[in-house]
Student: 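Would you mind keeping the following structure in view while I ask a few things?
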Amino acid sequence: MNLQEDTTTDPYALSAPFIDPMIAGFWQQVGPSLVAELQPLSGLSGPVIDLGAGAGRGTRIVAASLPEAPIFAVEPSAAMRTALLARLMDDAPLAARTTVVAGGALEFPFPERVSVVLAMNMIGHLAPDDRRSLWERIAAHLDPAGAVLVNNLPPTVAATVPRSAGPVVRVGTYEYRGWSEAEPAGDQRLVWHMTYETLQQGRVLARVEVDYDWWVVTDEELHAEWAACGLGARTLGNVNLHVLSP
Ligand SMILES: C[S@@+](CC[C@H](N)C(=O)[O-])C[C@H]1O[C@@H](n2cnc3c(N)ncnc32)[C@H](O)[C@@H]1O
């Protein structure tokens, strides 16, 4: 199939160089909880699906926790897949069992039975109908002993989010930093306005502005959506991670 991608509508085409440095701290925090949830599932034989895998930090954690599992890393952004593939190519065993699928979660043809689905920092990219049909598809393909790991980033209602600074990450003599702010764009929608900067000794060398459309949903609504397709949920409050199982 010839997949033609529209880089003009992909905000990550601009922000991709910043995503991995900016998200590293998040994964340091969440990683141990994820490992603790995944390791007991290592006896399952079905593949793992990482939806919206980004630069692959979650993919790598899943792989370390489930050393035998084949992995499908599903990622629509060509820019993000570049980072993902670079991460995989530095780890030959990981590259050997990870298939990078160019496309969105809704287009992914789920294998008959999957053991684990990871959907981290990405459900806001899905419109409500798409999100609900994703849960249905996952429920239809999830091993009865399998699990879905998903987070719901705040805010969970369409509210203004004042500008706040993200982490500052030093790479060589440069620093990378970002700011985020959001404004409502309807009942269940936000637009995130992101600013990313590259600095040298405090001097801004480059600035990138990016908007992300983002759908919001409360945890209560999510629980109802999951229950409607037979998925139970428990929440790891300390890391805001939902663990779903049939
Ligand atoms: C904030 S990044 C998170 C990446 C990764 N999951 C992580 O936590 O490090 C969100 C990712 O979701 C991807 N994405 C956007 N729309 C998507 C869709 N419809 N299906 C799957 N992934 C999508 C983006 O391209 C981006 O790589």
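Counting from 1, the numbers follow the sequence of the chain as shown. Order of listing sets the numbers, starting from 1, for every ligand and every atom in it.
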Student: Kindly check if the number of other-residue, nucleotide or ligand heavy atoms within 6.0 Å of CZ (Arg163) is above 12?
Tutor: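 More than 12 heavy atoms, drawn from other residues, nucleotides or ligands, come within 6.0 Å of this atom.
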Student: Would you say the rings of Tyr212 and Tyr12 are close, in the sense that their centroids are separated by under 6.0 Å?
Tutor: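 Yes: the rings meet the under 6.0 Å criterion.
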Student: Under a 4.0 Å heavy-atom cut-off, which residues neighbour ligand 1?
Tutor: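 Near ligand 1, by chain and number: Tyr12, Ile23, Trp27, Gly52, Ala53, Gly54, Glu75, Pro76, Ser77, Met80, Gly104, Ala105, Met120, Asn121, Met122, His125, Leu126.
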Student: Does anything in residues 96-109 form a side-chain hydrogen bond (donor to acceptor under 3.5 Å, both in side chains)? List the pairs, not counting sequence neighbours.
Tutor: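 Of all non-adjacent pairs touching residues 96-109, none passes side-chain hydrogen bond (donor to acceptor under 3.5 Å, both in side chains).
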Student: Would the Trp226 and His242 ring centres measure less than 6.0 Å apart?
Tutor: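 Close enough - the centres of the two rings lie under 6.0 Å apart.
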Student: Residues two or more places apart in sequence or in another chain: which of them pass side chain to side chain donor-acceptor pair (under 3.5 Å) with His141?
Tutor: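 Not a single residue meets the side chain to side chain donor-acceptor pair (under 3.5 Å) criterion with His141.
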Student: Suppose the criterion is side-chain hydrogen bond (donor to acceptor under 3.5 Å, both in side chains): which pairs have a residue in residues 17-26, not counting sequence neighbours?
Tutor: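 Every side-chain hydrogen bond (donor to acceptor under 3.5 Å, both in side chains) pair that includes a residue of residues 17-26, provided the two are not neighbours, is Asp20-Arg57, Asp20-Arg87.
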